[in-house]
Amino acid sequence: MRIVLDQAKCSSLGMCEAVAPEFFEVGDDGALAVLQPEAPEDQRALLEDAVVACPTGALTLTLTE
Amino acid sequence: MTIAVGVNRPLVVVGASLAGLRAVQAARRAGHPGPITLVGAEPHLPYDRPPLSKAFLAAGPLPEPPSYSSAEELRALDVDLHLGRPATGLDVEAREVVLGDERLPYGALVIATGAVARHLPGEQFAGVHTLRTLDDARALRAGLDAGARVVVVGAGFIGAEVASAARARGLPVTVVEAAPVPLVRAVGELAGGLCAALHDRHGTDLRVGVGVARLAGSDRVEAVVLDDGTRLPADLVVVGIGATPATGWLAGSGLTLDDGVRVDPTLHAGAPGVWAAGDVARVVSPGGSVRLEHWTSAAEQGALAARNALDPAAASPYTAVPYFWSDSYGHKLQMVGHAPGGDVEVLGDADSGPWTVLYRSGDALAGALTLDLPGRIMKYRAMIARSTSWDDALAAAASRPGVAAQGSSSAARR
């Protein structure tokens with residue numbers, strides 16, 4: 001699946017990194033980096049947790065065609 | 001004793017803010033097929049509180065309410081919604097929530113009624129505001145739009161954010177804080193001093209170590225009179241002196257109320273099928289008890305309480321490392337863990353930031369507070385979660401380029 005980040009909503013609060021550090025990291029520049037934008041399906045539950053954890057609702061997941 | 005959650009005995013969630021919303025979302029995500037009822041005192045769809053003291057107060061057109069979800073989304077979750085209906089009682093024997101003259105039977109109940117802003121005692125005047133709800137925020141915006149000499153009572157996070165919003169509009173602001181240093185309970189004395197410096201740097205007049213004796217005015221407030229006799233002219237007073245948990249409706253229910261609903265680490269409230277989450281919940285553990293008022297704890301506890309309520313035999317404890325953030329004067333403050341009152345270490349530029357304060361408990365890292373270091377804070381949360389030693393935490397912190405040690409402070413105890 002694809003991880004979609006809405007930059008306008010992202011405040012670099014880092015909850016995604018807290019939940020799934022292999023997929024998200026707030027860098028030294030303060031910007032959120034999505035480390036693996038295409039994620040394997042078996043990570044869906046973890047990534048759904050990360051999506052729900054975001055205080056600004058900046059993340060969504062899509063199905064990969 | 002297990003209560004069957006079923007058609008005639010739904011999962012009932014009382015409190016339709018973040019914890020309550022996460023509870024109903026988690027119940028559906030866990031595959032719960034049965035009826036779910038969500039009750040909220042406010043007439044609004046669940047909405048987000050943090051923006052109300054930040055972007056919502058900025059000058060410009062009135063923003064949309066920061067809603068979490070639309071009525072359609074809640075309908076898609078098949079949640080029976082009762083908004084604008086404050087719960088008035090709880091009958092744990094009959095397993096019913098009382099809403100005025102209506103009774104809602106429950107198979108399992110999640111209490112998520114949050115907290116209510118504290119008011120100053122004494123005479124009430126127009127132009128005096130607390131800030132908790134959307135309606136509060138709209139009223140405060142209107143006051144700020146009118147232009148005002150602003151006095152903020154309480155230099156907590158809400159007070160600081162409101163002061164920041166008022167300064168951003170070019171309004172004169174005085175903040176009155178009864179304690180000698182702001183934020184001591186949350187961040188400790190040394191860090192409290194670092195946070196206090198932000199006010200002065202941005203033109204806010206911060207008065208510490210003095211309390212409010214009374215307000216003065218006719219219909220509208222005209223001044224804030226301090227304990228030392230100082231009279232601060234004011235057109236707009238914002239009271240940010242904390243919030244008390246909304247447990248009045250639970251009086252006589254038999255639940256243990258002690259600055260919140262006392263719950264065990266799994267968020268169970270001690271009565272069959274009753275759980276609590278968020279700002280209302282005081283979580284008791286062998287080490288003590290804590291009632292968190294963080295966005296993340298409300299979200300995490302709401303979800304956990306629902307999952308545990310639906311499968312009590314598999315109930316798991318709340319173990320997340322606490323986290324909160326606060327934005328003021330263009331700066332981002334973030335804290336993970338807690339400030340136990342022992343040794344602290346300050347790193348970075350204590351004058352203009354960015355800086356980090358690390359908190360020690362025994363041999364371990366207990367907490368970390370950063371100013372303008374969003375790339376660092378979650379690394380500290382991970383260290384705390386894995387019980388990283390104090391020495392390893394210091395080494396990790398010092399190894400970052402450009403983050404030189406300011407010096408430790410064993411003397412900086414609360």
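Computed from a predicted structure; not experimentally measured. Quick note on labels: first sequence line is chain A, next is B, and so on, each numbered from 1. Values below: all heavy atoms of this structure, side chains included; hydrogens, waters and symmetry mates excluded.
- At distances below 3.5 Å, not a single donor-acceptor pair connects side-chain atoms of B/Arg381 with backbone N or O atoms of A/Met15.
- A/Ala31 does not touch chain B: none of its heavy atoms, backbone or side chain, sits under 4.5 Å away.
- Neither the backbone nor the side chain of A/Asp29 comes within contact range of chain B, judged by heavy atoms closer than 4.5 Å.
- Proximity to chain B (any heavy atom under 4.5 Å) is shown, for A/Thr56, by neither the backbone nor the side chain.
- Contact of the A/Val52 side chain with the B/Arg22 side chain is registered, since non-hydrogen atoms from C-beta on lie closer than 4.5 Å.
- Looking at B/Gln25, there are no atoms closer than 4.5 Å to chain A (heavy atoms on both sides), in backbone or side chain.
- With a 6.0 Å radius and a threshold of 12 heavy atoms from other residues, nucleotides or ligands, A/Glu22 has its CD atom at or below the threshold.
- Among all heavy-atom pairs drawn from B/Trp295 and A/Ala53, the shortest one is CZ3-O, 3.6 Å.
- Contact annotation: the side chain of A/Ser11 approaches that of B/Lys332 to within less than 4.5 Å [non-hydrogen atoms, C-beta and beyond].
- If you measure heavy-atom distances from A/Cys16 to chain B, you find no contacts under 4.5 Å at all.
- Contact of B/Tyr323 with chain A is made through the side chain alone, with heavy-atom distances under 4.5 Å.
- In this structure the side chain of B/Met378 never reaches within 4.5 angstrom of the side chain of A/Glu25, judged on heavy atoms.
- Nearest heavy atoms, B/Pro374 versus A/Gly30: CG-CA, 3.8 Å.
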A/Asp28 and B/Arg376: side chain to side chain contact (heavy atoms under 4.5 Å, CB included), yes or no, with the steps?
CA-CA 7 Å; A/Asp28 285 342; B/Arg376 300 302 303 146; 4.1 Å; yes
